[in-house]
2 protein chains.
Amino acid sequence: MPSDDGASLAASFSYWQTVRLNPATCPVRDVLDRLGDKWSTLILIALANGPLRFSMIRRNIPDISKRMLTQTLRDLERDGLITRHVFPTKPPSVEYRLSPLGRSLQGPLVALIGWAEAVHGDINDARARFDTEAEAVRTAG
Amino acid sequence: MPSDDGASLAASFSYWQTVRLNPATCPVRDVLDRLGDKWSTLILIALANGPLRFSMIRRNIPDISKRMLTQTLRDLERDGLITRHVFPTKPPSVEYRLSPLGRSLQGPLVALIGWAEAVHGDINDARARFDTEAEAVRTAG
DNA sequence: CCGCATCCTATTAGATACTG
DNA sequence: CAGTATCTAATAGGATGCGG
């Protein structure tokens, strides 16, 4: 799976490098820092098939705390990736759904997750190899 | 830019949801947690056009510390995404380059970064709107 | 049911000084 | 040049209890 077609990729990366990977110029950090937190991506995946209520998201992601779910949902809402709908029932129910902007992320996200899944085994192998080699060196030294 | 073609995306996400977004079953966390750290992605971008020496990477990413660069490079090497080549010159020079596995990430990464760049303005707008609304509510209350 | 506030801990990362 | 070691500050995240 060499998704490496040389020239065009190099050109893309070149461009980002010329903006110097610099905090100020560069949207990459700004956006990826949010997706890089522990829960954002997982929540976006959970919402991929349609709206979910707070408690349903929790059921999809068993080990997220109420606190972090609330907070991450706020952050995603603030960034315009999801929208929040309160139904004034009693007790209240609140529904979250992907915004158009959020849905536009699905394509890239599928690609990335697909990659992660495809190479998961390779990465585990690499880790194991690295660790045993490091251990061998440590023992020898 | 609706990169949303419904059925196939939904199917993909469904699958990942059925593995329950669970720590144990799910490669997503494992892999994305590493890419999600502060520097990994930036380093991979820096190496996209070819091998670079330690100090050159630092020049590409002005605000990374030696400590974090060393550590992140080790982690990427451990995962098999980059390789390390020591030239026993004096003073020593060490070169880092993308492995085939690392190059296989370039496609997905370009897609994600392209998205980030495309929507950067929208996200900033959404943030500004959210913040002024929140402020309005705070003042009214 | 949803979510905020508080408290506390663990992890991450920056600064600095030192080594082959 | 390419690291390592140590210390410290900042941040992320978990537990819990209260309130609409």
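For the numbers below, each heavy atom of this structure counts, side chains included, while hydrogens, waters and symmetry mates do not. Chain identifiers are assigned alphabetically (A, B, ...) following the order of the sequence lines, protein sequences preceding nucleic acid strands; residue numbering begins at 1 within each chain.
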Under 3.5 Å donor-acceptor, A:Arg103 side chain and A:Leu98 backbone: yes
Contact check, side chains of B:Leu52 and B:Glu95, non-hydrogen atoms, under 4.5 Å: no
Side-chain heavy atoms of A:Glu77 within contact of A:Thr83, under 4.5 Å: no
Separation of C:dG14 C1' from B:Ile61 CD1 (nearest whole Å): 16 Å
Any B:Ile82 side-chain heavy atom under 4.5 Å of B:Leu44 side chain: yes
OP1 or OP2 of C:dC2 under 4.0 Å from side-chain N/O of A:Ser93: no
Atom-pair distance (CG on B:Leu69; P on C:dG14), nearest Å: 11 Å
C:dG3 phosphate, OP1 or OP2, under 4.0 Å from A:Arg84 side-chain N/O: yes
Contact check, side chains of A:Leu112 and B:Leu105, non-hydrogen atoms, under 4.5 Å: yes
Euclidean distance, atom CZ of residue A:Arg58 to atom C1' of D:dA15 [Å, nearest integer]: 11 Å
Rounded (10°) bend between the five-pair end axes of the helix from C:dC1-D:dG20 to C:dG20-D:dC1: 50°
Residue met sooner reading DNA chain C from 5', once A:Pro92 and A:Gln71 are mapped to nucleotides: A:Pro92
Side-chain N or O of A:Arg53 closer than 4.0 Å to phosphate OP1/OP2 of C:dC1: no
Rounded interatomic separation in angstrom, taking CE from A:Met68 and C1' from C:dT11: 13 Å
Touch class at under 4.0 angstrom, heavy-atom based, for A:Arg74 against every strand present: sugar-phosphate
Out of C:dC1, C:dA13, C:dC4, whichever nucleotide has its closest atom nearest the side chain of A:Pro91: C:dC1
Whole angstrom value for the distance that separates P of C:dA13 from CG of A:Asp33: 10 Å
Integer-rounded Å distance: D:dG13 C1' and A:Leu42 CG: 15 Å
Identified side-chain contact (heavy atoms from CB on, under 4.5 Å) counterpart of B:Ser40 within the set B:Asp75, B:Leu81, B:Ile45, B:Thr72: B:Thr72
Below 4.0 Å: OP1/OP2 of D:dA2 and any side-chain N or O of B:Arg67: no
From CA spacing to verdict: side-chain contact (heavy atoms from CB on, under 4.5 Å), B:Trp39, B:Leu73: CA-CA 9 Å; B:Trp39 304 111; B:Leu73 286 169; over 6 Å; no
Side chain B:Arg34, main chain B:Leu76, donor-acceptor under 3.5 Å: no
Phosphate-side-chain proximity, B:Tyr96 and D:dC1, N/O vs OP1/OP2 below 4.0 Å: no
Value in whole Å for how far the P atom of D:dG3 lies from CZ of B:Phe87: 13 Å
A:Ser55 side chain near C:dC2 phosphate (N/O to OP1/OP2, under 4.0 Å): yes
Presence of A:Lys38 side-chain N/O under 4.0 Å of D:dG14 phosphate oxygens OP1/OP2: yes
Whole-Å gap separating P (D:dA5) and NZ (B:Lys66): 13 Å
